[in-house]
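Counting convention: from 1, in listed order, for ligands and their atoms alike.
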Amino acid sequence: MVRRRIPRPRELRPYLRTGPLHLSPVDRRLASAATIRDLRAIARRRVPRAVFDYTDGAAETETSLRRSRAAYARVEFVPHVLRDVSVVDTTTTILGHRSTLPLVFAPTGFTRLMNHEGEPAVAAVAARMGIPYALSTLGTTSPEDLAAVAPDTNKWFQLYIWNDRETVRALVRRARAAGFTALILTVDTPVAGSRLRDVHNGFTIPPTLSARTVFDIALHPGWWFNLLSTEPLQFAVFSETDGTVAELIDRVFDPTITVADLGWIRDDWEGPIVVKGIQTVDDARLVVDAGADAIVVSNHGGRQLDRAPTPLEQLPSIVAAVGERAEVYVDGGILSGGDIVAAVASGARAALVGRAYLYGLMAGGERGVQRAADILRTEFIRTMRLLGARSLAELGPDRVRMRDTTEP
Ligand SMILES: Cc1cc2nc3c(=O)[nH]c(=O)nc-3n(C[C@H](O)[C@H](O)[C@H](O)COP(=O)(O)O)c2cc1C
């Protein structure tokens, strides 16, 4: 029989210890997020539905995106035990620059839509983390303005080629003058993908006032207040912006570009060129033969071609084909530090993430991006330790197997 007694007051003390006290509601919200998926759930409540859907969504049936994520779930790690993992080194070099993690914040258009702090917030976190950040051609902050507020960030400039080549060349020169260290040319967007959530939401840039939008203002007054009380939301390097993103892409972007265009870009850009949106071995060879210094195996986070090749699955054969001559990165579907470990073990020099930091941005501006970065870093280091890998050199292909299904 259990004998009962009355506890002494001092015995209660250990049970009454509270966690750190967060006074600001934003900090409280962010502290409650343990994963990127948690940040996504917070983001969903914080911003208008059309904004969340623009960020979260992908093209057509969203099969490309679902498969990209499912591929990470198929990974089975091969751990080595009894290694001293008290210290793990996560540093690498990316295009000759030291990076504290094999991670790059991917270019994402229209970032100030997600939160008014926009690109400068993302760049500030990248600087603090010691990783590169790519500003999009469709950004809402100009290269010069970003350089002014983020002098310490290793900044890449993402280029789309559009009809007016002279303006494109001028933009490349502007990025160079502003101190950007790499040019990242996106080649999977000859026309806009069909993002059906945007179509259904009637999503336009700038957001237009329909009956539904007015209702939405009542639900998200903070987001609307920030939108209307800061610099007008517009593309930083485009003047013609009215309409949907798809209309802009189709009106302005040039579907005639070929690999020969890399030639004239070289004339205006002396630094490294990264080609983003490579999905096959043949195309990887094509652009590396044409002088690309690095490639991103990517299907644009599933936002362009639906049922596209799955980046993580394409990665090993592409690394085998061109990995000696160019750096190979991968993106699409990465939602945890363990996913980044899987990408590196599968041959990527680094992984890019888009939505992972955008969920943080929507959830809480710069502090939200920082939370996302901290989550990814903590998970990355923990996974390396559990794998018995003390440096990135120990994260080879022998550390991952692909299971046939996503079943447990
Ligand atoms: C909201 C959003 C906007 C994007 N805008 C661009 C862009 O302007 N240029 C570009 O090259 N890629 C763009 N991308 C694609 C990302 O660079 C990256 O390839 C993709 O987000 C990776 O998938 P993930 O979001 O699952 O990490 C965008 C992605 C998102 C989610």
Side-chain angles (χ1 to χ4, degrees), residues 36-37 39-40 43 47 50-59 62 64-72 103-115 118-119 122 132-141 156-162 171 182-190 192-193 195 197-198 203 205 235-238 241 244-246 248-249 252-253 274-279 295-305 308 310-312 329-337 339-340 342-343 348 350-362 369 372-373 376:
I36 299 295
R37 285 182 169 85
L39 284 176
R40 177 179 180 272
V47 301
V51 172
F52 180 80
D53 277 349
Y54 167 69
T55 310
D56 190 61
E62 306 196 350
S64 294
L65 177 60
R66 259 195 318 279
R67 286 185 184 156
S68 297
R69 287 183 176 159
Y72 285 96
L103 177 65
V104 179
F105 282 160
T108 55
F110 227 55
T111 312
R112 248 174 351 103
L113 176 78
M114 291 84 185
N115 179 283
E119 290 88 353
V122 185
Y133 166 53
L135 174 69
S136 165
T137 298
L138 297 179
T140 41
T141 305
W156 296 2
F157 187 74
Q158 181 266 321
L159 188 69
Y160 281 125
I161 294 183
W162 66 91
L171 189 58
L183 196 66
I184 170 164
L185 176 70
T186 301
V187 294
D188 55 17
T189 312
R195 322 233 173 109
R197 294 200 221 178
D198 294 352
F203 176 67
I205 287 175
F235 293 111
V237 301
F238 279 101
T241 57
T244 65
V245 178
L248 171 81
I249 291 176
V252 184
F253 287 17
V274 184
V275 178
K276 172 171 179 280
I278 295 300
Q279 302 173 62
I295 58 173
V296 189
V297 180
S298 167
N299 61 31
H300 213 112
R303 296 164 74 82
Q304 287 296 110
L305 176 67
T310 301
L312 184 68
Y329 320 130
V330 71
D331 79 10
I334 290 176
L335 289 176
S336 74
D339 292 347
I340 303 170
L352 280 67
V353 295
R355 293 179 186 84
Y357 76 75
L358 290 175
Y359 294 140
L361 187 67
M362 291 188 285
V369 179
L376 292 176

- Between Arg195 and Arg303, is there a donor-acceptor pair closer than 3.5 Å when you use the side chain of the first and the backbone of the second? yes
- Message: Donor-acceptor check, side chain of Arg355 to backbone of Thr55, threshold 3.5 angstrom: yes or no?
- Response: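 Judged by distance alone, yes, a pair lies under 3.5 Å.
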- Message: I need the contact residues for ligand 1: any residue with a non-hydrogen atom closer than 4.0 Å to the ligand, ordered by chain then number.
- Response: Tyr54, Thr55, Ala106, Pro107, Thr108, Gly109, Met114, Ser136, Gln158, Tyr160, Thr186, Lys276, Ser298, His300, Gly301, Arg303, Asp331, Gly332, Gly333, Val353, Gly354, Arg355, Leu358
- Message: Testing the 3.5 Å rule here: is there a donor-acceptor pair between the side chains of Thr108 and Tyr357?
- Response: yes
- Note on the structure: Sorted by chain and number, sequence neighbours left out, side-chain contact (heavy atoms from CB on, under 4.5 Å) with Ala236 holds for Ser142
- Look up atom CG in Leu135 and atom CG in Leu159, then write down how far apart they are to the nearest 0.5 Å.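 Here the interatomic distance stands at 11.0 Å.
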- Message: Counting only heavy atoms not in Arg37 (residues, nucleotides, ligands), do more than 12 fall under 6.0 Å from its CZ?
- Response: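 Atom CZ in Arg37 is not crowded, with 12 or fewer foreign heavy atoms closer than 6.0 Å.
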